[in-house]
Amino acid sequence: MIQSIEPSAHAIDVRDLTVAYRDKPVLWDIDLIVPKGVLMAVVGPNGAGKTTLLKAILGLVRPAAGEVLVYGEAYEKQRHLVAYVPQRGSVDWDFPTNVLDVVLMGLYGKIGWLRRPGSEERKLALDALEKVGMADYAGRQISQLSGGQQQRVFLARALVQDAELYFMDEPFQGVDATTERAIVALLRELRQRDKTVVVVHHDLQTVPEYFDSVLLLNVRRIAAGPVEDVFTEDNLRLTYGGRVGFLRDTRRSVEPVPDSRQETEPEDRSLRDIA
Amino acid sequence: MTIEQLEIQAIAVIVSAACAVPGVFLVLRRMAMMSDAISHAILPGIVVAFFVTHDLNSPLLILGAAVTGIFTVFLVESILRTRLLKEDAAIGLVFPILFSIGVVLIARFAGDVHLDTDAVLLGELAFAPFDRWVVFGTDVGPKALWMMSGILILNTVFIIAFYKELKLSTFDAGLAAALGFLPGVMHYVLMTLVSITAVGAFDAVGSILVVALMIGPPAAAYLLTDRLSLMIILSIVIGIVSALGGYWMAYLLDASIAGCMATAVGLVFTAVLLAAPDKGVVSVLRRRWRQQWTFAEKMLAIHLRHHEGLPEARRENRAAHLQEHLGWAPDFSERVVWFAERDGLLSRRGEYLILTDAGRELAAEAIVQN
């Protein structure tokens, strides 16, 4: 599978992408290159077009202009390389099915039309559940899961696809500490295996800790690149419209800015509120 | 039982099974009202096809209905795409307009044929056995029976073949699209089946009662199981039970068969709603009632354990004191003590309450849990 990828291709190549709902642009002329093997956070205020960007890359919304390449080809040809974790709230958790069945859905693409998952697929699904600490819940009805457990089931469903490129839409939204740790461990494991992961993320505080790369988005691309170069106070202010400052806390000591510390500290709360 | 009675029941059973199968997915997709819209809006399609063929049993009628059914879905979705109206309003607009076009066409041009509005609304199952299919001079049975059997087979084959694809596109259309399973196409194929089923069934049970048969049994089955495959089977079983029950109700009351079938669906659903083992109203109330008492017992155990062996226990650990300390009404605390004693959590010694080992354990567990 991997041999078929052109060695020089980037994981994602977005060129001049514009998405609009009628005449209102949601994404405006986005250029973005996501190199292979990065762990990228997509941050920006509400309505910045983060989810729309993922959906446009996945061909779920039609762009008004521009082009998206996944490993150098149109997405339709590269589906087998891509796994997608939608927002937890996007499905009906009262649907009559169990945890194992939801994870098996991740394999439907590989199984193809008309054929059914067999014992081999069940084993893969159970392995994926094991990785997110949900193996004991395989037979559990999905309506009985907590929010964090639902998220881990979704992650297992993406893992089982054994993709090269993972998209996750706010996986940390409203999850418990156990799930947050499980997701972080998973992200690290994916990076070690040289996978590419793009995550819509809301908590600015944890961006430098969890990710190595970041896209700052507010309808337009504000900045994109390695966290230490791009995740700056100026860029954040541009992204969030000057309402927030960013506290360079101790976890992020890459480039200490001694005099800005005192000024920005009081604003830290407002940042949390918005994030 | 006469042959006619048997044939009517056979048709009723097949119609209800054929309706239940696509109905499951309508209920799960929260599109129950779409079946109402389709079953009404196909009328002009049927009427126009009838003008062309002058035969109420022509397959062209099914085609006309299927086309109008899809057109209905398309119209509703076009209105939705404008984002000016919500889905319920869009459905409420589209189907009466199409239906009334059909009614006007019938009144104006087809007043003298069997195709009258009563038949359209309610159908007439009792007449179905009189319309027979004759192949090479041999009578092979009522046409409605053959047609609905064909539709049932079509629905069943489709749902078995595309079970996985239907499940995925119903549960998570986004993932289905990302994996290339064309949820939009699945949607329209499903709506086509709903249209075909509606036109097949409408001759027997009418356009209003089709909705009862499509939505009632799956809605009841949804309360009975957590598994999709079982939900489909239970829907069919409930549909069949309602059909047979409705037939005999009509026989006893000398009333409309279709009306009694729909009433039976309503009765079965109500019974399931009340008595379903896990999601039913009775079991929910019972669970809540039980929770109230077990929680009170726990509170009592914690309270007693908290004070036991201490000087104030003489004052605190009396049944009479619970009103003051826990704010419980006298008869409520009396009942909690009674329950706790029955469950072996405490014993009375005069007016004092003494925890048993089991009670002590429960209190310890309850405290650790929180």
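Chain letters run A, B, ... following the sequence lines, proteins first, then strands; residues in each count from 1.
In terms of heavy-atom proximity, A:Trp113 sits nearest to B:Met186 at CZ3-SD, 4.1 Å. Taking each heavy atom of A:Pro96 and B:Tyr222 in turn, the nearest pair found is CD-CE1, 4.2 Å. Of all non-hydrogen atoms in B:Ala178 and A:Tyr84, the two that sit nearest each other are CB-CD2, 4.2 Å.
Here the CE atom belonging to A:Met105 is positioned 11.0 Å from the CZ atom belonging to B:Phe181, to the nearest 0.5 angstrom. Separating the NZ atom in B:Lys164 from the CZ atom in A:Arg115 is a distance of 8.0 Å, to the nearest 0.5 Å. The structure places CG of A:Leu58 at 9.5 Å from CG of B:Leu175, a figure rounded to the nearest 0.5 Å. Distance check: B:Leu179 CG to A:His80 NE2 gives 12.5 Å after rounding to the nearest 0.5 Å.
No part of A:Glu76 comes within reach of chain B, as not one of its non-hydrogen atoms sits under 4.5 angstrom from that chain. For A:Asp101, the part lying near chain B is the side chain, with the backbone staying farther off; criterion is any non-hydrogen pair under 4.5 Å. Both the backbone and the side chain of A:Leu114 come within contact range of chain B, each with at least one heavy atom under 4.5 Å from a heavy atom of that chain. Neither the backbone nor the side chain of B:Leu230 comes within contact range of chain A; no heavy atoms are under 4.5 Å apart. Proximity to chain B (any heavy atom under 4.5 Å) is restricted, for A:Val102, to the side chain, taken from C-beta onward. For A:Leu104, no part sits under 4.5 Å from any heavy atom of chain B, backbone or side chain. Proximity to chain B (any heavy atom under 4.5 Å) is shown, for A:Phe167, by neither the backbone nor the side chain.
The environment of CZ in A:Arg62 is sparse: at most 12 heavy-atom neighbours from other residues, nucleotides or ligands sit within 6.0 Å. When the shell of 6.0 Å around CZ of B:Phe71 is examined, it contains 12 or fewer heavy atoms from other residues, nucleotides or ligands. At most 12 non-hydrogen atoms from other residues, nucleotides or ligands lie less than 6.0 angstrom from NZ of A:Lys55. Atom CH2 of B:Trp293 has more than 12 neighbouring heavy atoms from other residues, nucleotides or ligands inside a 6.0 Å radius. No more than 12 heavy-atom neighbours from other residues, nucleotides or ligands sit within 6.0 angstrom of CZ on B:Arg83. Heavy atoms of other residues, nucleotides or ligands lying less than 6.0 angstrom from OH of A:Tyr137 number 12 at most. Atom CD of A:Glu130 has 12 or fewer heavy atoms from other residues, nucleotides or ligands within 6.0 Å. No more than 12 heavy-atom neighbours from other residues, nucleotides or ligands sit within 6.0 angstrom of CZ on B:Arg286.
By the 30° and 60° cut-offs, the orientation of the rings of A:Phe95 relative to B:Phe171 is tilted.
A salt bridge links A:Asp92 to B:Arg30: one of the charged nitrogens lies within less than 4.0 Å of a carboxylate oxygen. Salt bridge B:Asp172/A:Arg157: present, at least one basic N to carboxylate O contact under 4.0 Å.
In this structure, the side chains of A:Tyr108 and B:Glu165 stay at 4.5 Å or more apart for every pair of heavy atoms.
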